[in-house]
Chemist: 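One structure is given below, represented as structure tokens, and several questions about it will come after.
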Amino acid sequence: MSMSTHLPEPAVPKGPWSLFLDIDGTLLEHAAHPDAVVVSEELRMLLTQLEAQLDGALAFITGRPIAAVDHLFQPLRLRAAGLYGLEHRLARDGPVEAAVEPADIAALAKEIATELDNADVYIERKGPILAIHTRAAPHLLRRATRLVEQALDKLPAGYRVLAGNAGVELMPLEAAKGAAIRRFMQIPAFRGRRPVFLGDDTSDENGFEVVNELDGISVRIKPYGSTAAPFALAGVDAALAWLDGMSRRETVGTPAAMAK
Ligand SMILES: O=P(O)(O)OC[C@H]1O[C@H](O[C@H]2O[C@H](CO)[C@@H](O)[C@H](O)[C@H]2O)[C@H](O)[C@@H](O)[C@@H]1O
Ligand SMILES: [Mg+2]
């Protein structure tokens, strides 16, 4: 782990590479509510172009459910790992595979909502994961974290708490972006390519560690504190500009690029 100040911008990958993209805080500016984010037509076009240039070696790696991602980016559908890797869509037009049966978190969600009693806190139930969003009520983050930690006792073994910078989530241990990246790297579209992963949050750190192990390029967006990523970009605009630059390289991701 290195402190994030003064990390360099990512180098242009040499040789065939693949691209893994976090969504919120990386491709999309954060909004007060998860449904309030905006996906521009330009972003859809950029992703479409990069995906074609990389011969399909591009996947979203996100905490959102894949159904929510499809809704946001429609009509664009890409390969994706959703719910921090609990769901996968390995082929762009293939089915979504879910790894874990949803636990009954409805009652917990209700209890936490009653305890916090604040309309600005959004409680998101997504499959086996419960997310408490405090972006619009930051003073409640500590309390929400305490409640979620207490709720651990009421769930079957194998759950953990993951705190982000504007919310806290209760999720199965299997949920890990790094494992999702490893899975994609084993399928033909990605195999033999150097992984590049852009992410912005605590939940992306495990993805950075795996990408570093695989001799890839991990990039923390708008970094603060320490990070396993050796590269950084200042924010969403810088991430989109870097991706745009990559999309303009003629031989992006192809073996011919190795010669350059
Ligand atoms: O892994 P990501 O693609 O970054 O997704 C992480 C979470 O994103 C969404 O919540 C976050 O973004 C919202 C919109 O900006 C914001 O309101 C919220 O505070 C953030 O936590 C999404 O709702 C979650 O399900 C994802 O886990
Ligand atoms: Mg993010």
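Note that ligands are numbered from 1 as they come in the structure, with each ligand's atoms numbered from 1 the same way.
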Chemist: Do Glu213 and Arg182 meet the salt-bridge criterion of a basic N to acidic O distance under 4.0 Å?
Modeler: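 A salt bridge is present here (some side-chain N lies under 4.0 Å from a carboxylate O).
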Chemist: Has the side chain of Arg44 got a donor or acceptor atom that lies under 3.5 Å from a matching backbone atom of Phe73?
Modeler: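 Answer holds: yes.
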Chemist: Is Thr62 in polar range of ligand 1, meaning some N or O pair under 3.5 Å apart?
Modeler: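 In this structure, Thr62 places an N or O atom under 3.5 Å from an N or O of ligand 1.
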Chemist: Yes or no: does Ala31 have any heavy atom under 4.0 Å from an atom of ligand 1?
Modeler: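 True for this residue.
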Chemist: Name whichever N, O or S atom of Asp200 ends up nearest to the Mg ion (ligand 2).
Modeler: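 Result for Asp200 and the Mg ion (ligand 2): OD1.
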Chemist: With respect to Glu97, which candidate in Arg89, His88, Arg183 satisfies the side chain to side chain donor-acceptor pair (under 3.5 Å) definition?
Modeler: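 Per the side chain to side chain donor-acceptor pair (under 3.5 Å) rule, the option paired with Glu97 is Arg183, out of Arg89, His88, Arg183.
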Chemist: Under 4.0 Å from a heavy atom of Glu124: which atoms of ligand 1 are those, numbered in the order shown and with their elements?
Modeler: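 Result: 22 (C), 23 (O), 24 (C), 25 (O).
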Chemist: Measuring to the Mg ion (ligand 2), does Asp24 have an N/O/S atom at a distance below 2.8 Å?
Modeler: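 Yes, within the cut-off.
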Chemist: Between ligand 1 and Gly164, can you find any atom pair, the residue atom being a heavy atom, that is separated by under 4.0 Å?
Modeler: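 No; Gly164 lies far enough from ligand 1 that no heavy-atom distance drops under 4.0 Å.
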Chemist: Within the 4.0 Å heavy-atom shell around Ile23, which atoms of ligand 1 are there?
Modeler: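 Ligand 1 atoms under the 4.0 Å threshold to Ile23: 3 (O).
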Chemist: Indicate yes or no: does an N/O atom of Gly63 lie under 3.5 Å from an N/O atom of ligand 1?
Modeler: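 Gly63 vs ligand 1: N/O contact under 3.5 Å present.
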Chemist: What part of His33 sits under 4.0 Å from ligand 1 if we count only heavy atoms: the side chain, the backbone, both or neither?
Modeler: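 His33 to ligand 1: backbone contact only, side chain stays beyond 4.0 Å.
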Chemist: Of all the non-hydrogen atoms in the protein, which one sits nearest to atom 2 (P) of ligand 1, and at what distance?
Modeler: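 Minimum-distance protein heavy atom for atom 2 (P) of ligand 1 reads Asp22 OD1, 2.9 Å.
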Chemist: With a 4.0 Å cut-off on heavy atoms, does Tyr84 reach ligand 1?
Modeler: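 Yes, that is the case, since the closest heavy atom of the residue is under 4.0 Å from the ligand.
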Chemist: Which is closest to atom 25 (O) of ligand 1 by heavy-atom distance: His133, Arg64, Glu169, Lys126?
Modeler: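 Minimum heavy-atom distance to atom 25 (O) of ligand 1 goes to Lys126.
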Chemist: Assess whether a salt bridge exists between Asp120 and Arg135, defined as any Lys/Arg side-chain N lying under 4.0 Å from an Asp/Glu carboxylate O.
Modeler: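 Salt bridge absent between Asp120 and Arg135.
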Chemist: Are any of the N/O atoms on Val37, whether in the backbone or the side chain, positioned under 3.5 angstrom from an N/O atom of ligand 1?
Modeler: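 The answer is no, given that Val37 and ligand 1 share no N or O pair closer than 3.5 Å.
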Chemist: Between Tyr84 and Glu169, is any side-chain donor less than 3.5 angstrom from a side-chain acceptor?
Modeler: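 A donor-acceptor contact under 3.5 Å links the two side chains.
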Chemist: Do Thr227 and Glu205 meet the criterion of a side-chain donor-acceptor pair at a distance under 3.5 Å?
Modeler: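 Judged by distance alone, the side chains do pair up.
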Chemist: In the protein, which heavy atom is nearest to atom 8 (O) of ligand 1, and how far is it?
Modeler: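 Residue, atom and distance for the closest contact: Asp24 OD2, 3.0 Å.
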Chemist: Below 2.8 Å, any N, O or S contact between Asp22 and the Mg ion (ligand 2)?
Modeler: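 Coordinating: yes.
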Chemist: Report the nearest protein non-hydrogen atom to atom 12 (O) of ligand 1: residue, atom name, distance rounded to 0.1 Å.
Modeler: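 That would be His30 ND1, 3.3 Å.
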Chemist: Taking atom 20 (C) of ligand 1 as the point of reference, which of Met171, Glu29, Arg135 owns the nearest heavy atom?
Modeler: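 Nearest heavy atom to atom 20 (C) of ligand 1 lies in Arg135.
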Chemist: Are Glu124 and Arg64 close enough for a salt bridge, meaning some N to O gap below 4.0 Å?
Modeler: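 Looking at Glu124 and Arg64, the cut-off is not met.
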Chemist: Please find out if less than 6.0 Å separates the ring center of Phe20 from that of Phe190.
Modeler: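 Ring centres of Phe190 and Phe20 closer than 6.0 Å.
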Chemist: So does Arg220 pair up with Asp204, basic N to acidic O under 4.0 Å?
Modeler: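 Asp204 and Arg220: not salt-bridged.
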Chemist: Check whether any side-chain heavy atom of Asp35 lies under 4.5 Å from a side-chain heavy atom of Val37, and answer yes or no.
Modeler: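 No, their side chains stay 4.5 Å or more apart.
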Chemist: With salt bridge (charged side-chain N to carboxylate O under 4.0 Å, His left out) as the test, would you mind laying out the steps for Lys222 and Asp200 before giving the verdict?
Modeler: CA-CA 7 Å; Lys222 206 174 179 179; Asp200 73 306; over 6 Å; no
Chemist: Is Ser203 close to ligand 1, meaning an N/O of one under 3.5 Å from an N/O of the other?
Modeler: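 In fact, backbone or side chain, Ser203 has no N or O that close.
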Chemist: Can you list the atoms of ligand 1 that are under 4.0 Å from a heavy atom of Ala32?
Modeler: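 Checking each atom against Ala32, I get 17 (O).
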